[in-house]
Structures are given as structure tokens and as C-alpha cells.
Amino acid sequence: MTAQTGFHDGELAVQERAGVRAQAARLGEAMLATPDLNGGMGAFLAARDFAVLTARDADGRLWTSPLFSSPGFLQAHDRELKVHALPSPGDPLHDLAAQQPVGLLAIEFATRRRVRVNGTLVHVGEAGLLLSVEQAYGNCPKYIHPRHLEHSDTPAPAIERSPALSPEHVQLVTNADTFFLGTVHPSRGADASHRGGPPGFVRVEGNRLWWPDYPGNNMFNSFGNLAVDPSAALLFIDFDTGTTLHISGTATVEWVTPSDIDGGTGRRVSLTVESVVWGARW
């Protein structure tokens, strides 16, 4: 497989509108080059106990799901990544199929470091997943809130599936300081990313939610995907209990008058909720 490098059409369009094409190009030369998972990046992945995965279910709906296991469950070599874990029973990606584009984000909350790995899911088995990697790069530590992850003994709630948010879901969303975002491009594949801010930075208005786009690395990977394909998946986690809230829907990037509420960028994302899965544990 030949890795696709450089920015795609959606990313370039958003960078142009934001006026950051030159800055993004300088970053992209290094961050979006042909991936090499040996060395430091492979060592970082091998030491992780938590990652999130973006992929489509059997019906073609996009989801982002957590993977929580012992350090060493991510094994990288050259341009392959073995994932010795699977989405848990009840998770919308529990029965995900191979031969589809996926995005994976490995994150260490304690040191505020993260690595994004995008490619093709070539095999799914009882022992886990095998990814053929097309992109792998680090992200800045902005908006990552330090925390310690551990399994909870709290009984898991019954899995609930619905087309809309309940008051319990809204409470988790509006108290959250962290969530994970999945997006996809029709030819360049899927992507998983992290979003963080002060508690309450995600607003809920009926069956629609939105969040501000704080200043970042100016590459606009997620925004670029949304400019071409509106499919989006959100993952919220109750870090005290391990209970997850998966949201799948369609999203648009809104360009508004800059204000304090969006960090002065004049950009935010609005998502219409189409499907919800609540209660799955990592």
C-alpha cells in the first residue's frame, strides 16, 4: 500500500479560509510524511493503556469507541499496528468489520501527550485488530486535562440505544471537560481526535450540540474532513465509572463573529444527534 501524504482538499479549503495555509504547510511537511512507527513513536504506543478508535458499524454509521487494556496492547512495527484489544460488548463497534478505514488516537493524560494513527483495518480476530498505517503523527498537548485512568467496580448500567439525548446524557455532556471526535474523508480515511476545554464547553440545545474551536495546530484535520463529509462521532466518558456515551450524527463547521465563547477563533462545530448508545464500559 502506498501512503497518502500531504493535506487533502477539505483541509486545504479550511486552512485557506482561516488564513493559515503557510503555517499548516510547515507543520505538514514533518507531521504528514510517510509514517515510521519504529523508534520513539512505537515506544510511546507500546506504553499506553488507553486509545480510541473511529470506524463504521455494519450499517455504515460512524462511531468512536474506547480501548482500555494493559500497557503493551499496542504493538507498532514499520507501518503495522497490532491492537490486542476489542471494543467491549454493547459498544457500537463491538462487531466492526475489517477492510475499512479507521483512525486511532493513543493518549497519555498524565503527561498530556497523544499520537494519531490513521490507516486501514486489515484484520479483526479474537485477539484484536491489525492496522496498516498510512499516517502517524503527534499532536500538541493543548487542552488535555491530566487524569489517572483505572477500571471501576461500579456495576455497569444496561445498554441503551436511542435516537435522542436523555437528561442523563445531557448531564454528562455539559459537565465534561473532554471528549473524542471521529470524522472521515471519502478517499483519505477515518480520523480520531481529542477535544478538551473547561467543564461545560460543549453546549446542548435539544437534539443538537455544539462546541467552540479553540486555537490549535492549524492543520484542521477534523474540520477538513467535515468540509467534505459531515459524518461525525463523539465519545464522552464518565471517568469515575467508565460508562460511555456514544453519539453519531452529522456536523457542520460554523464561522461566526469571534468572541470569548469560542476562544476568539470565530469557529465552532454544530452536530445534529442521530443515534446514541449509552452504558457500554471500556
Side-chain angles (χ1 to χ4, degrees), residues 45-46 48-76 80-109 114-133 149-152 154-162 169 172 176 178-184 189-195 231-249 273-282:
L45 292 169
R48 303 284 60 77
D49 60 2
F50 177 78
V52 298
L53 180 76
T54 295
R56 294 190 185 273
D57 65 13
D59 296 324
R61 179 166 291 283
L62 194 70
W63 298 98
T64 295
S65 295
L67 300 169
F68 187 36
S69 189
S70 301
F73 86 102
L74 298 175
Q75 292 184 326
E80 283 192 348
L81 178 65
K82 294 180 179 179
V83 182
H84 297 283
L86 293 166
S88 64
D91 188 287
L93 292 181
H94 179 62
D95 295 319
L96 82 166
Q99 303 307 317
Q100 65 164 306
V102 297
L104 182 142
L105 174 76
I107 188 166
E108 183 181 24
F109 287 102
R114 51 184 160 168
V115 165
R116 290 159 84 160
V117 179
N118 301 334
T120 300
L121 178 60
V122 297
H123 178 73
V124 179
E126 293 183 359
L129 315 172
L130 176 63
L131 278 62
S132 176
V133 177
L149 303 182
E150 59 183 22
H151 283 288
S152 172
T154 304
I159 305 299
E160 298 177 3
R161 300 172 185 270
S162 67
H169 305 157
L172 176 58
T178 296
F179 74 92
F180 299 93
L181 171 66
T183 59
V184 67
D191 179 77
S193 65
H194 162 278
R195 291 292 184 273
S231 302
L234 277 60
L235 171 67
F236 291 87
I237 300 175
D238 182 333
F239 289 103
D240 292 328
T241 66
T243 302
T244 57
L245 173 65
H246 299 76
I247 299 173
S248 183
V273 178
E274 297 173 349
S275 187
V276 176
V277 177
W278 163 259
R281 287 288 174 82
W282 52 26

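This one's a predicted model, so the numbers in the text were calculated from it and none came from an experiment. For this chain, numbers begin at 1 and follow the sequence in order.
- Contact between W63 and V276 at its shortest, heavy atoms only, is CH2-N, 4.3 Å.
- Atoms CG and OG, from L62 and S275 in turn, are 11.5 Å apart once rounded to the nearest 0.5 Å.
- Listed here is the closest heavy atom pair of D91 and H246: OD2-NE2, 3.1 Å.
- Side-chain contact between L74 and L81 is present, with at least one heavy-atom pair separated by less than 4.5 Å.
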| Yes or no on side chain to side chain contact (heavy atoms under 4.5 Å, CB included) for L96 and L53, after CA distance, side-chain angles and deciding distance? | CA-CA 11 Å; L96 82 166; L53 180 76; 3.8 Å; yes

| Yes or no on side chain to side chain contact (heavy atoms under 4.5 Å, CB included) for F179 and I247, after CA distance, side-chain angles and deciding distance? | CA-CA 11 Å; F179 74 92; I247 299 173; over 6 Å; no

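- Between atom CD1 of residue I159 and atom NE2 of residue H94 there is a gap of 11.0 Å, rounded to the nearest 0.5 Å.
- Judged by distance alone, with hydrogens and angles left aside, the side-chain atoms of T244 form a donor-acceptor pair with the main-chain N or O of A280 at under 3.5 Å.
- Using a 4.5 Å heavy-atom threshold, the side chains of L234 and L181 count as touching.
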| message | Using ring-ring contact (aromatic ring centres under 6.0 Å, His included), reason through F239 and F109 one step at a time and then give a plain yes or no. | response | CA-CA 12 Å; F239 289 103; F109 287 102; 5.8 Å; yes

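- Separation of atoms CG (D57) and CD (Q100) is listed at 9.0 Å; rounding is to 0.5 Å.
- F73 and D49 get closest at one heavy-atom pair: CE2-C, 3.5 Å.
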| task | Let me see the working for F68 and I237 under side chain to side chain contact (heavy atoms under 4.5 Å, CB included), right down to the final yes or no. | result | CA-CA 12 Å; F68 187 36; I237 300 175; over 6 Å; no

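- Between the side chain of D59 and the backbone N or O of R61 there is no donor-acceptor pair closer than 3.5 Å.
- In terms of heavy atoms, A192 sits closest to N118 at N-OD1, 4.4 Å.
- Put simply, the side chain of V52 reaches to within 4.5 Å of the side chain of F50, judged on heavy atoms.
- A donor-acceptor pair is defined here as one N or O able to donate and one able to accept, closer than 3.5 Å; such a pair exists between the side chain of S88 and the backbone of R281.
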| request: Decide yes or no on side chain to side chain contact (heavy atoms under 4.5 Å, CB included) for V102 and L129, but give the supporting numbers first. | output: CA-CA 11 Å; V102 297; L129 315 172; over 6 Å; no

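- A donor-acceptor pair under 3.5 Å is absent between the side-chain atoms of E80 and the main chain of S132, judged by distance alone.
- In this structure, the side chains of L67 and P87 come closer than 4.5 Å at one or more pairs of heavy atoms.
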